Enquirer: 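Please find one structure pasted underneath; my questions will follow.
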Amino acid sequence: MKTTASIKAWFQRVILRRHWLCFLVMGMSFFAFGLGTLNLVYVFKANADLLVTHGWTALMDGGFVQLLEILLTGYASLGAYIVFKACEYRLAHGLTDSL
């Protein structure tokens with residue numbers, strides 16, 4: 001629990017307080033999210049079809065590992081989206097708080 005709090009404190013102190021860095025991190029997380037989700041649905045469907053069609057043989061030939069990789073890619077993309085939204089929130093409120 002302490003690690004999560006320290007990562008949050010570091011992110012707020014280093015990234016969110018510097019608008020230029022926040023904007024840079026927001027752009028990188030946007031591209032990471034886009035790359036991670038580009039073909040995720042199609043690859044997941046193809047993997048599911050492979051597992052359904054060939055069953056245990058497909059699992060033993062790496063289908064299960066591929067499924068885990070797809071799920072991890074999805075969660076990494078979700079993490080990039082959360083970073084994007086945090087930076088977007090900070091920048092948008094930084095622009096509009098003085099109004």
Side-chain angles (χ1 to χ4, degrees):
M1 193 64 146
K2 184 178 180 178
T3 305
T4 304
S6 64
I7 291 172
K8 180 181 174 185
W10 176 86
F11 187 76
Q12 290 175 346
R13 186 180 69 249
V14 174
I15 306 295
L16 295 181
R17 288 201 180 148
R18 294 171 178 85
H19 289 118
W20 67 270
L21 186 56
C22 187
F23 187 74
L24 185 68
V25 169
M26 185 176 77
M28 290 187 316
S29 64
F30 174 77
F31 286 114
F33 173 71
L35 288 174
T37 58
L38 184 61
N39 272 335
L40 201 58
V41 173
Y42 296 115
V43 173
F44 182 77
K45 183 181 180 322
N47 183 266
D49 290 343
L50 174 73
L51 293 176
V52 168
T53 303
H54 298 287
W56 185 254
T57 305
L59 283 175
M60 298 308 293
D61 286 340
F64 184 70
V65 173
Q66 185 182 25
L67 181 62
L68 289 178
E69 290 171 353
I70 292 167
L71 293 174
L72 287 174
T73 301
Y75 278 108
S77 297
L78 178 63
Y81 179 74
I82 290 170
V83 169
F84 171 80
K85 291 301 285 184
C87 291
E88 177 202 24
Y89 179 85
R90 173 65 178 108
L91 290 173
H93 282 263
L95 290 172
T96 59
D97 280 345
S98 62
L99 296 177

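All figures in this text were calculated on a predicted structure; none of them were measured in a lab.
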Enquirer: Group every Ile, Leu, Val, Met, Phe, Trp and Tyr by side-chain heavy-atom contacts under 4.5 Å, then state whether Leu72 and Val65 land in the same group.
Expert: no
Enquirer: If you link I, L, V, M, F, W and Y whenever their side-chain heavy atoms are under 4.5 Å apart, who else ends up in the same group as Tyr42?
Expert: none
Enquirer: Nearest 0.5 Å, what's the CZ-CE distance between Phe31 and Met26?
Expert: 10.5 Å
Enquirer: Following the transitive rule for hydrophobic clusters with a side-chain heavy-atom cut-off under 4.5 Å over Ile, Leu, Val, Met, Phe, Trp and Tyr, establish whether Phe64 and Val43 coincide in one cluster.
Expert: yes
Enquirer: Determine the minimum heavy-atom distance between Arg90 and His19, stating which atoms define it.
Expert: NH2-NE2, 3.6 Å
Enquirer: Would you say the side-chain atoms of Ser6 pair up with the backbone N or O of Thr3, donor to acceptor, closer than 3.5 Å?
Expert: yes
Enquirer: Using the side-chain contact (heavy atoms from CB on, under 4.5 Å) criterion, which residues pair with Phe44? Sequence neighbours excluded.
Expert: Leu67, Ile70
Enquirer: Under the side-chain contact (heavy atoms from CB on, under 4.5 Å) test, which residues partner Lys8, sequence neighbours left out?
Expert: Gln12
Enquirer: Going from OG1 on Thr37 to CG on Leu78, what distance comes out if it is rounded to the nearest 0.5 angstrom?
Expert: 10.5 Å
Enquirer: Name all residues meeting the ring-ring contact (aromatic ring centres under 6.0 Å, His included) criterion together with Phe23; count only those two or more places apart in sequence or in a different chain, and write none if there are none.
Expert: none
Enquirer: Consider only side-chain heavy atoms of I, L, V, M, F, W and Y, link residues closer than 4.5 Å, and tell whether Leu51 and Met60 are in one cluster.
Expert: yes
Enquirer: If you look only at pairs with a residue in residues 54-83, which of them pass as a side chain to side chain donor-acceptor pair (under 3.5 Å), with sequence neighbours excluded?
Expert: Asn47-Gln66
Enquirer: How is the hydrophobic cluster of Leu21 composed, in terms of its other members, when Ile, Leu, Val, Met, Phe, Trp and Tyr link through side-chain heavy atoms under 4.5 Å apart, directly or indirectly?
Expert: Trp10, Phe11, Val14, Ile15, Leu16, Trp20, Leu24, Val25, Met28, Val83
